[in-house]
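In what follows, a single structure is set out as structure tokens and then discussed.
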Amino acid sequence: MTKTAKKIQMVDLKSQYEKIKIEVDAAIQNVLDNTAFINGPEVKSFQAELEQYLGVKHVIPCANGTDALQIAMMALDLKPGDEVITADFTYVATAEVIALLGLKPVLVDVVPNTFEIDVKAIEKAITPKTKAIVPVHLFGQCADMEAIMALAKKYNLYVIEDTAQAIGANFKYSDGRSKKAGTIGTIGCTSFFPSKNLGCYGDGGAIFTNDDTLAAKIRIIANHGQSVQYVHDSIGVNSRLDSIQAAVLRIKLRDLDTYAAARNKAANFYDQAFANHPKLKTPARAKFSDHVFHQYTLQLIGVDRNALREFLAGKEIPAMIYYPIPLHLQKAYLDPRYKAGDFPITEKLCDTVVSLPMHTELDEETLNYITDTVLEFFNK
Ligand SMILES: *Cc1c(COP(=O)(O)O)cnc(C)c1O
């Protein structure tokens with residue numbers, strides 16, 4: 001085993017950029033030449049191309065994924081005190097906007113094998129005040145949307161999909177149909193943060209819906225609540241996707257499926273190397289979703305995680321913990337309704353998960369080096 005020539009990163013945006021540099025540089029120069037920095041033709045073209053790729057009626061670009069979630073909740077007219085159910089094991093943004101809008105985040109546990117929100121736990125958490133469910137398609141595969149949509153129908157709830165980590169993933173229905181992540185619920189929200197699967201070169205986000213009325217409302221809210229310039233019918237926010245970012249995204253959207261394939265190839269390599277290892281549990285594939293591997297996350301069984309990370313760091317291999325603290329134990333979200341032990345799966349995952357480098361540019365030499373080094377840790 002030898003160290004690789006290239007520095008190993010969790011996400012290698014530089015090598016990816018080098019492959020599309022000519023197109024990207026020209027597209028950015030084109031925006032500079034036209035100076036249509038806001039709502040220029042690149043934004044409209046990107047919107048139309050993403051609508052077509054996803055098979056969704058409306059894509060409304062916005063400034064970032066957190067805004068997308070906030071605008072979605074504003075568009076549904078949720079009122080202070082309304083309860084919104086989401087996963088305890090997620091990035092903070094999901095719960096943050098619920099709390100910011102004065103809504104009540106209701107947390108539920110996830111299932112141990114796929115890390116996705118536990119549908120049975122959702123049903124148990126529903127009360128007369130529940131208005132919406134926010135499933136998070138964590139790490140690149142979908143939550144069980146067929147079951148979640150059935151619950152939403154039964155209890156008359158909205159569904160806001162947080163697909164910041166799973167853009168491009170297909171949800172597979174039991175009857176064989178499939179739909180793209182983010183196009184199944186009432187509204188879908190995504191992020192184009194640089195390290196996401198469809199990342200731009202700054203901040204960006206988008207909201208998806210098939211509902212014409214909601215789409216019109218979302219556009220108005222994202223634009224200061226104005227339908228006609230200087231006429232404000234509702235309180236809105238200022239949330240736009242820059243033309244430069246849209247120009248970059250148009251190029252990367254063409255490669256999104258190729259990127260997902262490269263991520264899957266790396267994931268399969270990891271899977272094979274760690275298969276049947278007594279101390280490593282490789283990530284499970286849900287039968288109802290394909291996986292776009294935003295993260296490749298192992299569960300450690302009786303392993304000193306810090307020692308593993310230090311060992312890997314010593315060999316210049318980064319490894320990250322997504323996420324180290326469950327939402328219900330975060331200081332900002334402490335709530336007398338919840339205490340340690342309430343969400344045992346999430347709590348266990350926070351203590352035992354570790355994510356390995358995952359991106360579109362991992363070659364076999366690098367993967368060999370990473371997997372050999374991980375295995376070496378256990379044999380040393
Ligand atoms: C990244 C992310 C967000 C927030 O997106 P930003 O563009 O960073 O605001 C929301 N939810 C999840 C699950 C994410 O991974």
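Counting convention: from 1, in listed order, for ligands and their atoms alike.
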Next item on the list: Can you pull out the closest protein heavy atom to atom 13 (C) of ligand 1? Residue, atom name and distance to 0.1 Å, please.
Entry: D162 OD2, 3.4 Å
Notebook entry, point to check: Which ligand 1 atoms does N64 reach within 4.0 Å, using its non-hydrogen atoms?
Noted result: 7 (O), 9 (O)
Note to self: Taking ring pair (Phe, Tyr, Trp, His ring centres under 6.0 Å) as the definition, give me every residue that meets it alongside F288, ordered by chain and number, with sequence neighbours left out.
What the structure shows: F171
Note to self: Which residue and atom name correspond to the protein heavy atom nearest atom 2 (C) of ligand 1, and how close is it?
What the structure shows: K196 NZ, 2.6 Å
Notebook entry, point to check: Under 3.5 Å between some N or O of ligand 1 and some N or O of S191?
Noted result: yes
Check: When you measure from atom 4 (C) of ligand 1 to every protein heavy atom, which one gives the shortest distance, and what is it?
Finding: T66 OG1, 3.6 Å
Check: Apart from V56 itself, what residues make up its hydrophobic cluster when side-chain heavy atoms of I, L, V, M, F, W and Y under 4.5 Å apart count as a link, directly or indirectly?
Finding: F46, L50, Y53, L54, V59, I167, F192, L198, F208, L241, L249, L253, L256
Next item on the list: Using a strict 4.0 Å cut-off to heavy atoms of V136, name the atoms of ligand 1 that fall inside it.
Entry: 13 (C)
Margin query: If you measure every N or O of A93 against every N or O of ligand 1, does any of those distances drop under 3.5 Å?
Written below: no
Notebook entry, point to check: Between Y91 and ligand 1, does any nitrogen or oxygen pair lie at a separation below 3.5 Å?
Noted result: no
Margin query: Between E361 and K19, does the salt bridge (charged side-chain N to carboxylate O under 4.0 Å, His left out) criterion hold? Intermediate values first, please.
Written below: CA-CA 10 Å; E361 311 302 315; K19 290 185 181 156; 2.4 Å; yes
Next item on the list: Before accepting this row, confirm whether a basic side-chain N of the pair D255/K252 lies closer than 4.0 Å to the acidic partner's carboxylate O.
Entry: no
Next item on the list: For the residue pair H137 and D162, confirm or rule out a side-chain donor-acceptor distance under 3.5 Å.
Entry: no
Check: Aromatic rings F139 and F115: how do their planes relate, parallel, tilted or perpendicular, breaks at 30° and 60°?
Finding: perpendicular
